[in-house]
Amino acid sequence: DAGVIQSPRHEVTEMGQEVTLRCKPISGHDYLFWYRQTMMRGLELLIYFNNNVPIDDSGMPEDRFSAKMPNASFSTLKIQPSEPRDSAVYFCASSLSLQGFGTEAFFGQGTRLTVV
Amino acid sequence: TQLLEQSPQFLSIQEGENLTVYCNSSSVFSSLQWYRQEPGEGPVLLVTVVTGGEVKKLKRLTFQFGDARKDSSLHITAAQPGDTGLYLCAGDPRKNSGGSNYKLTFGKGTLLTVNP
């Protein structure tokens, strides 16, 4: 298996523009997670899905952020409109069950987003 | 909010030295994971500890979970340049693996550099 695949690897956009990040989880994994990593705040969980259904989106910073999972092999994280403070590395991860208690989450390589 | 404090934030040592990094919290976690993240990559799981006082060894790495399950340490013996990376701890507050209130909390990490 190729692992979790994220695209694009790098994204530079102007403030106010819409940004869409994409993720293909590992086949057969029931859970998909979106994280954001910054120097100031570390790695934060934004939202996670179980069997394509959003379970907890309380980590999404504000209404400008939305995430979808239309099928088991694809998810998107959208920011509209984007702001400079959204600049970060966004990770997608998938797992067979919830992390912790010995279950392993597999992370993609991340998308480095820069909003200017 | 359950916080995980990692120390030191940065550590630079010479090849062959021993080191210990720490992960502390005022909250109890039912399990704790350690990840290593290399530049441009996502975190990769090293180990999960679930029992207070548990010690796990992974080659030259020794992981310990505190008796009260509020803290953990990672000890590396005879560090090598390949150990260079960001070491992250992550705690799961759930009482059992099927419980709700899933909120895997990550520390900000210890950035380790091992110089040849």
Side-chain angles (χ1 to χ4, degrees), chain A residues 2-10 21 23-26 29-50 53-60 88-113, chain B residues 1-7 9-10 23 25 27-51 54 56 58 63 65 69 72 85-111:
Chain A
V4 176
I5 300 172
Q6 292 187 245
S7 63
R9 288 295 310 277
H10 302 274
L21 311 180
C23 174
K24 175 179 169 54
I26 293 173
H29 282 191
D30 297 330
Y31 288 85
L32 182 140
F33 310 86
W34 281 102
Y35 287 89
R36 177 173 68 176
Q37 187 174 38
T38 62
M39 285 291 292
M40 288 294 293
R41 300 175 67 89
L43 200 61
E44 302 172 280
L45 177 64
L46 301 178
I47 184 171
Y48 76 95
F49 296 82
N50 179 20
V53 176
I55 301 302
D56 186 347
D57 65 354
S58 60
M60 298 284 260
V89 182
Y90 290 81
F91 286 101
C92 175
S94 69
S95 71
L96 285 169
S97 61
L98 292 182
Q99 290 168 279
F101 294 90
T103 61
E104 180 174 4
F106 294 82
F107 283 77
Q109 291 183 299
T111 295
R112 180 174 294 277
L113 173 65
Chain B
T1 301
Q2 295 164 301
L3 297 176
L4 282 167
E5 300 288 340
Q6 291 192 245
S7 61
Q9 189 176 358
F10 301 96
C23 175
S25 175
S27 302
V28 175
F29 290 95
S30 50
S31 70
L32 195 137
Q33 295 182 324
W34 283 93
Y35 290 79
R36 180 169 63 212
Q37 184 178 14
E38 298 184 6
E41 302 291 331
V44 176
L45 180 68
L46 295 174
V47 77
T48 300
V49 285
V50 297
T51 305
E54 182 177 4
K56 280 191 174 179
L58 186 65
F63 304 85
F65 202 12
R69 291 184 288 132
S72 181
L86 179 67
Y87 288 81
L88 296 160
C89 65
D92 183 351
R94 293 173 298 153
K95 287 183 170 54
N96 59 71
S97 63
S100 58
N101 75 290
Y102 170 77
K103 261 310 187 241
L104 192 67
T105 302
F106 279 84
K108 293 184 181 179
T110 292
L111 185 60

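Below, read A as the first sequence line, B as the second, and so on, with proteins coming before strands; counting in each chain starts at 1.
Using a 4.5 Å cut-off between heavy atoms, Leu86(B) touches chain A through its side chain atoms alone. With a 4.5 angstrom heavy-atom cutoff, Gln37(A) touches chain B only via side-chain atoms. Heavy atoms closer than 4.5 Å to chain B are found in the side chain of Arg9(A), but not in its backbone.
Residues Phe91(A) and Gln37(B) share a closest heavy-atom pair of CZ-NE2, 3.2 Å. Residue Phe107(A) comes nearest to Gly42(B) through the heavy atom pair CB-CA, 4.0 Å, listed as atom of the first residue, atom of the second, then distance. Nearest heavy atom pair, residue Lys108(B) against residue Met39(A), reads CD-O, 4.3 Å.
More than 12 heavy atoms of other residues, nucleotides or ligands lie within 6.0 Å of NZ in Lys56(B), so this atom counts as buried by the packing criterion.
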